[in-house]
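Each chain gets a letter, A, B and so on, in the order the sequences are listed, and its residues count up from 1.
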Amino acid sequence: MDNNSSLNSAQQEAVETIGGPVLILAGPGSGKTRVITHRIAYLVKTCGISPRHILAVTFTNKAAREMSARLEALLGEAAKDLSLGTFHAVCARILRQKGQEIGIDPGFTIYDDDDQISLMKRAIMDVGIDPKQYTPRVMLTRVSNAKSQLITPEKYSDMAHSYFEKMAQQCYKRYQILLSQSKALDFDDILMKTVELFNERPETLVRYQTRYRHVLVDEFQDTNITQYELTRQLAGKYKNICVVGDPDQSIYTWRQADIRNILKFEKDYPGAKLVVLEQNYRSTKTILAAADKVISRNQQRKQKSLWTENEKGTPITVVETADEQEEAQFVVSEVEKLVKEHVVSLKDCVVLYRVNAQSRALEEAFLRFGVPYRLIGGTRFYQRREVKDIIAYLRLVHNPHDTVSLRRIINVPQRGIGQRTLDDLLGWANQKSIPAYEALSLAARTEGDIPLAPRSRKTLVDFYDMLKRLVDRSKDLKASEMLDLVIEQTAYEKYLLVEEDGEDRWENIKELSTVARKYDYLDPPDSLTTFLEEVSLVSDIDSYDENADAATLTTLHQAKGLEFGAVFIVGMEEKVFPHARALPPLGDPTEMEEERRLCYVGITRAKKRLYLVRAGRRTYLGNTSNNLPSRFMDDIPQELVKKTGGRPEARTSSWASAPPWKPISPLGTPVANPPPTALKLELRPGERVRHEKFGNGIVVSTSPLANDFQVTVAFDAVGVKKLILSYARLEKIG
DNA sequence: GCCTCTGGATTTTTT
DNA sequence: ATCCAGAGGC
């Protein structure tokens, strides 16, 4: 089935329009990945273009891997000669090869978020301002935004008018100096410096332009200005550029992704061929119609009409539960039901939420019911303290100038090098303008005039000796051998195991060791270098294993690009989704439109079944609130929906039944925690009540609320209040 | 230098 | 609720 004749006419046009710029607007489920892979196969097989001359850029490693696997199926061995990778991976490779031309050390280290924060903190202190007032996070956002738009510290200073902006500019400048002293680049630098390299070395650009005669870009709606410029540079000579995207699925504008790049594309490449893929092969008519209704409310968008030949399918299930526990319980029991009835398999179920914090109640329910699940996101593997520690050692061995890593591990495990000694050492290094590693070496050899107590000096000497041994050995050890040596030399296992959760942490280190072993097929020092590079550029979603027999829990953002038989979107409430930060007065209409696109992305992940679930009461960040149903619910026409477990049709005050869905345990035994018993309302409008805080009042009205009631009371002293019956502890009087 | 307590902040995060 | 950083005590 995988030949071009199985493509629809629009897909075929997208595949076979070769030579010159092509813009493909691909709706969800429209066979985007198929089009890209077939286009590449067509270039190679039919047009006789060498795979060496083709570059395909994706946003995630996972997408790159998936594409690579499909191309291998289509092209066989020839697929190995294609250049295929993420923007960052491609640029990192270019910079390792040619970065020296603009003064970048080929052995540069890549700094992740945490590293950037600690470096920025130092930059802020160096500038001499208060890191409490100017937080590293905020400053870093400024810097990252600037870099995403190719704004250098120099250019930034032209735009910095307010005092705050001027401070940000200072921090940016200092931050860059610290980065270069550490021979490190942050994520944004990897892209921006590549653009810089191409600007400053036209002859180098020409080499890459000639090499990459055909450029393809996936998820084009998510490119920022820097990435756009990069593709413009690379395709500048032949203009054989094909970009694929969907403006309606742009959910990363907060990371400076710029939808306007699509408009700019049409302007920068006059006569670009436009292909629109509107046939959806994924979802039922019902699901697609709901998605369309939701996204149609956006003002800033190009009209697009998706259609499908798939069946109408079942109605969308809308569920209202009492609280997040009940919400989670509903999801798990429904998942079990779907699996038991063979509607979908377990691994074809996903639960999507707006913020990671929502995963907790869900995890608890999945655990309690004994339903296997896998969680994507949250605290990421490579962000775990113990994993970062070991990687810091390896990085330091690979690049001794990396001060962020040095600071991280110089006293881990504790070896008596405290803040004081560290400040003395680094302060001295700074004063002498020598790298920290060199200062350490001098201190160890009792050279130089470092003001150190003999005791401190001794600890530094021991540390330096160990580091030196590691560095020396790194030249002939593979990644996993190096890792083992680090663990042995630092007695890291012993250090971990005395801790409370040391066993788990040690497991993570063993896991890391397994990853490292995958790079042992390379010879030293490439083995370690490649390992470190890839470890810096991975994300959680990359390790998502679609074959594991488990349901998936993840954020709406991370679900992009995936599809599932059954999708549960939970927390369909105002302030949760759309997120409070997108609502006025905090947010603006642009942000609300992005939330709406996020909802569109969520809905369109579903093939057969879609559930929209909300809780009447939710505890978040330690306080409980009652949220209104999400505005996105209002956009879905009633005829597409079937309601369960919520408000009864007739509003009778005696409504007090258990939820219509029955929790089922895997073994058919009662669940450990049955849903809370429904309350009985015994209050009627006109009755006098007493509240411990608000005093006496009169009941104005009552209304049922999932498993609870909302009671409106006019208090004598404090006026009208809306209360939740189970919480208010109202007492009837008179 | 190390330990413990308190206060502040906590959207999303392809890389 | 919970995690983390910084301050202050031992």
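- Residue A/R137 has no polar side-chain atom (N or O) positioned under 4.0 Å from OP1 or OP2 of B/dT10.
- Here A/W254 packs flat against the base of B/dT12; its ring centre is closer than 5.5 angstrom to the base's six-membered ring, tilted by less than 30 degrees.
- For the residue pair A/D258 / A/Y228, no side-chain donor-acceptor distance below 3.5 Å is found, with atom types taken as modelled.
- Here the straight-line distance linking atom CG of A/N224 with atom CD of A/E229 works out to 11.0 Å at 0.5 Å rounding.
- A donor and an acceptor atom sit less than 3.5 Å apart, one in the side chain of A/R255 and one in the base of B/dT15.
- The separation between A/K560 atom NZ and B/dT14 atom P is 11 Å, rounded to whole Å.
- Crowding of A/K575 atom NZ: a count of heavy atoms from other residues, nucleotides or ligands under 6.0 Å not exceeding 12.
- Using a 4.0 Å cut-off between charged side-chain N and carboxylate O, A/E595 and A/R354 make a salt bridge.
- A/L532 has its CG atom 17 Å from the P atom of B/dT15, to the nearest Å.
- As judged by a 4.0 angstrom heavy-atom cut-off over every strand, A/N411 is placed among residues touching the sugar-phosphate backbone only.
- Ring stacking holds between A/H579 and B/dT11, with the centres under 5.5 Å apart and the planes within 30 degrees of each other.
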Please list, for nucleotides 6-8 of chain B, all pairs of protein and nucleotide N/O atoms separated by less than 3.5 Å.
none

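- Counting to the nearest Å, the P atom of B/dT13 and the CG atom of A/L598 are 10 Å from each other.
- Under a 4.0 Å N-O distance rule, the pair A/D402/A/K183 does not qualify as a salt bridge.
- Here the two rings, on A/Y492 and A/Y495, have centers that are under 6.0 Å apart.
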Close N or O pairs between protein and nucleotides 8-10 of chain C (under 3.5 Å):
none

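- A side-chain N or O of A/E219 and one of A/Q221 form a donor-acceptor pair less than 3.5 Å apart.
- One atom, CZ of A/R415, and another, P of B/dG1, lie 14 Å apart when rounded to the nearest Å.
- Side-chain nitrogen and oxygen atoms of A/K62 include none within less than 4.0 Å of the OP1 or OP2 phosphate oxygen of B/dT15.
- Checking the phosphate oxygens (OP1, OP2) of B/dA9, no side-chain nitrogen or oxygen of A/T135 falls inside 4.0 Å.
- Taking the six-membered ring for Trp and the full ring otherwise, A/Y134 and A/F164 have centroids separated by under 6.0 Å.
- Remark on DNA chain B: of its neighbouring residues A/R581 and A/L422, the 5'-side contact belongs to A/L422, judged by nearest-heavy-atom nucleotide.
- A close approach under 4.0 Å does occur between a side-chain nitrogen or oxygen of A/Q558 and OP1 or OP2 of B/dT14.
- Applying the ring-ring contact (aromatic ring centres under 6.0 Å, His included) rule to pairs touching residues 573-601 of chain A yields A/F577-A/F632, sequence neighbours excluded.
- Among the protein residues, A/Y252 comes within range of the nucleic acid bases, having at least one heavy atom under 4.0 Å from a base atom.
- When rounded to the nearest whole Å, the span between CG of A/N623 and C1' of C/dT2 equals 13 Å.
- For the pair A/A92 and A/I190, the tightest heavy-atom approach, listed with the atom from each and the gap, is N-CG2, 3.7 Å.
- In this model, the phosphate group of B/dT13 is approached by a side-chain N or O of A/N356 to a distance below 4.0 Å at OP1 or OP2.
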